[in-house]
Amino acid sequence: MGLEMVNSEFVIKGKRIDTLGYDPQSKAFVIIEYKRDKNVSVVDQGFTYLSLMLENKADFVLTYNETLKKSIHSSSVDWSQTRVLFVSPSFTENQRLATNFKDIAIELWEVKRYENDLISINPIKKTKSAESIKPLTNQNSLIKSVTDEIKVYTEEDHLNGSSEEIIELYESFKNAILNLTDDIEITPKKLYIAFKKNKNIADIVILKKGIKIFINLKKGKLDDPKRLMKDVSETGHWGNGDYETIATNTTNIEYIMSLIKQAIL
């Protein structure tokens, strides 16, 4: 999952968290719970844990620093990106439906074991028709208190206010990336839209007059004979990787795809 392991069976305020992780890309904590009871409400439990973290931020930061021998400050953690992952060999239809909101900070992951100790780990994706959880917040004070602080970003959040030309440009590059190989996932983050296959391969930032594309390769690892990509290894930037370029049209789309494909191999 690309997370740092922080602690196992972490107890706080009388509640036990199965696994506490940290996402270095989002700079946020991740709670992982392992489910065996198919009748439990993952939504109620998920929001309880999210609320627990938001009310006890200092304890989570202290545990991170003491366990990993590091020194991060609470202000450097992006608490708005906190999320809960439930892991199970299977989930009921009710559990799937209950978490099928495009902006809920709760994820379901199925883990299956096959012969020869082969294991698959797959997130259960939201449906394209998934609605927002916001209309339900007025009915539940716990959900409202959490959703007021935690933000789950969508492609629409990044494209709001963009011109039709920029939206069309983004869609062209998005579809081209998805066609590079199977099982590429789109994961909108706070500052960019990430494209993943096991790991980040590329990120896109929506600009007023174009899109900025990052390729997740370290300096010196990209074969770019046209020198289209800019080295940003020594400068601050939003996306992952050390290379970026700005596209205002689709003229170089095939060439850029050949560069992004190098991050998949």
Between Val77 and Lys27, does a side-chain contact (heavy atoms from CB on, under 4.5 Å) hold up when you go through it step by step? CA-CA 5 Å; Val77 177; Lys27 294 182 171 57; 5.9 Å; no

Do the side chain of Ser163 and the main chain of Ile166 share a donor and acceptor less than 3.5 angstrom apart?
yes

Task: Check: Ile177 and Met257 side chains under 4.5 Å, non-hydrogen atoms - done: yes

_Checking Asn7 against Thr63: is there a side-chain donor and acceptor pair closer than 3.5 Å?_
no

| task | Can you establish whether the number of heavy atoms outside Glu185 located under 6.0 Å from its atom CD is more than 12? | result | yes

To the nearest 0.5 Å, atom CG of Leu108 lies from atom CD of Glu33 at 12.5 Å

Only one of Ile246, Leu228, Ile260 passes side-chain contact (heavy atoms from CB on, under 4.5 Å) with Ile213, and that residue is Ile260

Legend entry - Distance-only side-chain donor-acceptor flag, Tyr255 / Asp224, under 3.5 Å: yes

Starting from the C-alpha separation in whole Å, work towards a yes-or-no answer on salt bridge (charged side-chain N to carboxylate O under 4.0 Å, His left out) for Lys125 and Glu107.
CA-CA 8 Å; Lys125 298 178 181 179; Glu107 300 175 14; over 6 Å; no

_A side-chain contact here means heavy atoms from C-beta on lying under 4.5 Å apart; do Tyr49 and Met53 qualify?_
no

Would you call the rings of Tyr22 and Tyr64 parallel, tilted or perpendicular, where under 30° means parallel and over 60° means perpendicular? tilted

**OP:** Decide yes or no for Leu259 and Leu222: does some side-chain heavy atom of the first lie under 4.5 Å from some side-chain heavy atom of the second?
**Re:** yes

For Leu85 and Arg83, the nearest pair of non-hydrogen atoms, with its separation, is CD2-NE, 3.9 Å

For this session: Identify whether Ile72 and Val6 are in the same connected component of the hydrophobic contact network (ILVMFWY, side-chain heavy atoms under 4.5 Å).
Result: yes

Discussion item. Within the structure provided, determine whether Arg16 and Glu9 are in side-chain contact (heavy-atom separation under 4.5 Å).
Written reply: yes

CA sep, side-chain torsions, deciding dist, call: Ile12, Phe60, side-chain contact (heavy atoms from CB on, under 4.5 Å):
CA-CA 9 Å; Ile12 179 169; Phe60 284 86; 3.8 Å; yes

TODO: Take Glu165 and Lys209, measure what salt bridge (charged side-chain N to carboxylate O under 4.0 Å, His left out) needs, and give me the verdict at the end.
DONE: CA-CA 9 Å; Glu165 289 78 13; Lys209 296 183 178 180; over 6 Å; no

- request: Give the C-alpha distance, both sets of side-chain angles, the deciding distance and a yes or no for side-chain contact (heavy atoms from CB on, under 4.5 Å) between Tyr153 and Lys189.
  value: CA-CA 6 Å; Tyr153 291 89; Lys189 297 292 187 180; over 6 Å; no

Interatomic distance, OH@Tyr243 vs NZ@Lys221, rounded to 0.5 Å, equals 9.5 Å

Exactly one candidate in Asp157, Asp23, Asp203, Asp78 meets salt bridge (charged side-chain N to carboxylate O under 4.0 Å, His left out) with Lys190; the answer is Asp78

Would you call Lys174 and Glu168 a salt bridge, using N to O less than 4.0 angstrom? no

### Query
Side-chain contact, heavy-atom cut-off 4.5 Å: Val205 with Phe214?
yes

Rounded to the nearest 0.5 angstrom, the CG-CD distance for Leu178 and Glu171 is 9.5 Å

- prompt: Are any of the side-chain heavy atoms of Ile133 and Phe47 separated by less than 4.5 Å?
  reply: yes

Notebook entry, point to check: Going by heavy atoms in the side chains, are Ile253 and Phe173 under 4.5 Å from each other?
Noted result: yes

